[in-house]
Structures are given as C-alpha cells and as structure tokens.
Peer 1: 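Quick one: the structure is below, questions incoming.
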Amino acid sequence: MPELPEAETLCRQLRQTVIGAQVVQTEMHDWKLGEIRGLEGRRILSINRWGKRVEMVLDDGVTMSLHLRMTGRLLWQNGTGLPPHSRFVMSLPQGKIILIDSRRFATLSVQVGAGCVPSGIDPLVEDAPLGLTAMSRGRLSPVKSFLMDQRCVAGIGNIYACEVLHATQISPWRRTCDLSFSDWEMMAGAMRSVLSKAIVCRGTTISDWRDLFGEEGEYQKYLMVYGREGEPCLRCGGRITRRKLSGVGTYFCPSCQV
DNA sequence: CCCTATGTTCCCAA
DNA sequence: CTTGGGAACATAGG
C-alpha cells in the first residue's frame, strides 16, 4: 500500500523525469475521479509530498494533488497503449504519466492558488519527538491508531506502523498517552530508520505497489513482522501474531513488544 | 458459486 | 472533543 516511502519514491522519480515539461494533453478514464481541467499548456515547476499525498505544482498557480489510497500507482510510459485499470493520463512531450488504480479509491484534484493544508507531525523532521509528545497528550486510543491517524502523524500506514512498533518493542495496544518523552524519542528514531531505509528501497511490494518505472520495491525483504504471522520473531524468537486493531490486521511479537 | 480479507479515508453516531 | 464502525471498490483465495 502506498504510504510515505512509496509517495516519496514517486516524488523523487517524477522530479528526475518531468520537471520543466509542458503538459500536452490530459485524458480522464474514470468519472469517479471528477473533472480535471486547465492543465494543458501548464509547465511542471515542482513536485512536493505531504504525508502520503503527492502534489504537482504547475505554473499560473495551478496545483494537482494526488492521493493513491490503497492500490493507486503512477506509471511513466513512452510507448503506446494503456495498462488495465488506467484512470487518468497526463501526456508530456517525452512520455506520459498514467494513474493506475484497480480499486478506484485514489483521488485526484486540481486547485488554483494554495496547495494542501499540512496536518499531522512529519515523522522525519528534526523535532518530531516534541511534536509527538504534544500531539499524544490525553489520547486514550492504542498507539498504533495514533500512528496511523493522518491528523496526528503524516504518512504512516499499516505496514510501517507495525514495523516501527516492533522496532521500538512497544505493543500496538499501549495507550498513546502513557508513552513518555523518551518513548517518543525512540519512536521518532525508529520512524526515521524504517522510513528512510524503505525510501532507499523504493517502497514495499506486497502485491500492487510498483514505482514510477514499473519496478517492484525492495523493502519487503526487510520486514520484521508484517505478513509474518506464525513465523519466529527475528529479534527474540517469539511467535509473530496477527490480531485486528480498529479493523486492520496488526502483526506484532507478543513476547518482546510490551 | 459464495464468502471473506485486504487497508485508507470519509461520514456518521455515540 | 474523541472513538469506533461501516461504506466506498475490485480482486484474490478458500
């Protein structure tokens, strides 16, 4: 699933591919995405990310904002023909960017003027422990729900939440407000190491995810808990367990995560 | 064939 | 305000 590292991978690959290019044409193949107009002739100035969201800034103050949700992906193509589940195409002089999304949850919008309003703590900023501590005050919900709440932490989804919690040896069910400042320092450190490694690996390919050039990510080779139900914990040898937490499958080691 | 699981975000209700 | 459940959707697997 596209989370922060996957969105960041797309941003980096888009920057090296489409910066400065002029939009030749756009094609909409899914009414559910709404109408995307006014991009023809605009030049691509920059690519930004906030959390899991990818933004393309064009000239004349036009911004295209993309959220891939569950199965969305972007594909750079310079040949002809469209892959299955192609929903939107942006043609540039050197090739086209295709939005592919089998489950049709992805959202795309164009704003004139300001881009998205950032919310949630960026897990990679220098003073993340302070922000996390402040944000966590008084929250009774399990810490995993907090990590996955985009209004609290920007960019963490199920896979990386499971991995970060395993790295910190904290149970997904711990009450958010019970964590100390040093816990949040540890959490920020784990987020930084897990997410930056995943970015270098160009994301995690479990099933759908591919990078801009159609390549699988590599981080699935480094997963410590996600998808490893019944297998031994790579830290303590305990048995990895999967249990639902607020509706989603949560992988953890009951013997070293407390 | 049917049924379930998948995981993100929005919407609604308590 | 917080918290939790269901819906949106398509596909894979039992």
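Just so we're on the same page: letters track the sequence lines, and every chain starts at 1.
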Peer 1: Please work out if A:Ser246 contacts a base, only the sugar-phosphate, or nothing of the nucleic acid, heavy-atom cut-off 4.0 Å.
Peer 2: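 Nothing, no nucleic acid heavy atom in range.
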Peer 1: Of the listed nucleotides (B:dT9, C:dT2, C:dC9), which one gets closest to any side-chain atom of A:Phe105?
Peer 2: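 From the listed options, C:dC9 comes nearest.
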Peer 1: Whole angstroms only, please: what is the CG-P distance between A:Asp208 and C:dA10?
Peer 2: 14 Å
Peer 1: Establish, with yes or no, whether the OP1 or OP2 oxygen of B:dA5 is under 4.0 angstrom from a side-chain nitrogen or oxygen of A:Lys244.
Peer 2: no
Peer 1: Output the single nucleotide from C:dT2, B:dT8, C:dA8 whose closest atom is nearest the side chain of A:Lys32.
Peer 2: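 Of all the options, the side chain of A:Lys32 is nearest to C:dA8.
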Peer 1: Give A:Gly247 one of three labels, base, sugar-phosphate or nothing, depending on what nucleic acid heavy atoms sit under 4.0 Å from its own.
Peer 2: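 It contacts nothing in the nucleic acid.
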Peer 1: Tell me the interatomic distance from A:Met70, atom CE, to C:dT11, atom P, rounded to whole angstroms.
Peer 2: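 Checked: the CE to P distance equals 13 Å.
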Peer 1: Any side-chain N or O of A:His67 below 4.0 angstrom from OP1/OP2 of B:dT9?
Peer 2: yes
Peer 1: Taking CH2 from A:Trp209 and P from B:dT8, how many angstroms apart are they, rounded to a whole number?
Peer 2: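 One finds 14 Å between P of B:dT8 and CH2 of A:Trp209, rounded.
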Peer 1: Between C:dT2 and A:Arg139, is there an OP1 or OP2 to side-chain N/O distance shorter than 4.0 Å?
Peer 2: yes
Peer 1: Are the charged groups of A:Lys32 and A:Asp30 less than 4.0 angstrom apart, N to O?
Peer 2: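 No, A:Lys32 and A:Asp30 are not salt-bridged.
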Peer 1: Quick one: is B:dT9 close enough that its OP1 or OP2 comes under 4.0 Å of any side-chain N or O from A:Gln150?
Peer 2: yes
Peer 1: How long is the line joining CG of A:Leu66 and C1' of B:dT9, in whole Å?
Peer 2: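 Rounding to the nearest Å, CG of A:Leu66 and C1' of B:dT9 are 14 Å apart.
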Peer 1: Are A:Arg243 and A:Trp173 in a cation-pi contact, defined as NZ or CZ under 6.0 Å from the six-membered ring centre and within 45° of the axis?
Peer 2: yes
Peer 1: Determine whether the aromatic ring centres of A:Phe88 and A:Trp31 lie less than 6.0 Å apart.
Peer 2: no
Peer 1: Using a heavy-atom cut-off of under 4.0 Å over every strand shown, decide if A:Leu68 touches base, sugar-phosphate, or nothing.
Peer 2: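 Here A:Leu68 touches no strand at all.
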Peer 1: Please say whether the positively charged group of A:Lys197, taken as NZ for Lys or CZ for Arg, lies over the ring of A:Tyr219, i.e. under 6.0 angstrom from the six-membered ring centre and within 45 degrees of the axis.
Peer 2: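 Judged by the rule (NZ or CZ under 6.0 Å from the ring centre, within 45° of its axis), A:Lys197 is not positioned above A:Tyr219.
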Peer 1: Ion pair present between A:Arg174 and A:Asp183, side-chain N to carboxylate O less than 4.0 angstrom?
Peer 2: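 Salt bridge flag = yes for A:Asp183 with A:Arg174.
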Peer 1: For the pair made of CZ in A:Arg151 and P in C:dT3, what is the distance, rounded to whole Å?
Peer 2: 10 Å
Peer 1: Output the rounded distance in Å from CZ (A:Arg73) to C1' (B:dT8).
Peer 2: 19 Å
Peer 1: Is the distance from OP1 or OP2 of C:dC9 to the nearest side-chain N or O of A:His85 less than 4.0 Å?
Peer 2: no
Peer 1: Starting at atom CG of A:Leu33, determine the distance to atom C1' of C:dA10, rounded to an integer number of angstrom.
Peer 2: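 Checked: the CG to C1' distance equals 15 Å.
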Peer 1: Using atom CZ of A:Arg104 as one end and atom C1' of B:dC10 as the other, report the distance to the nearest whole Å.
Peer 2: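 Taking atom C1' of B:dC10 as the reference, CZ of A:Arg104 is at 17 Å.
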Peer 1: Does C:dC9 have a Watson-Crick or wobble partner in any strand here, with both distances under 3.5 angstrom, and which is it?
Peer 2: none
Peer 1: Go through C:dT3, C:dA10, B:dT9 for me and flag the one nearest to the A:Ser102 side chain.
Peer 2: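 Side chain of A:Ser102 sits closest to C:dA10.
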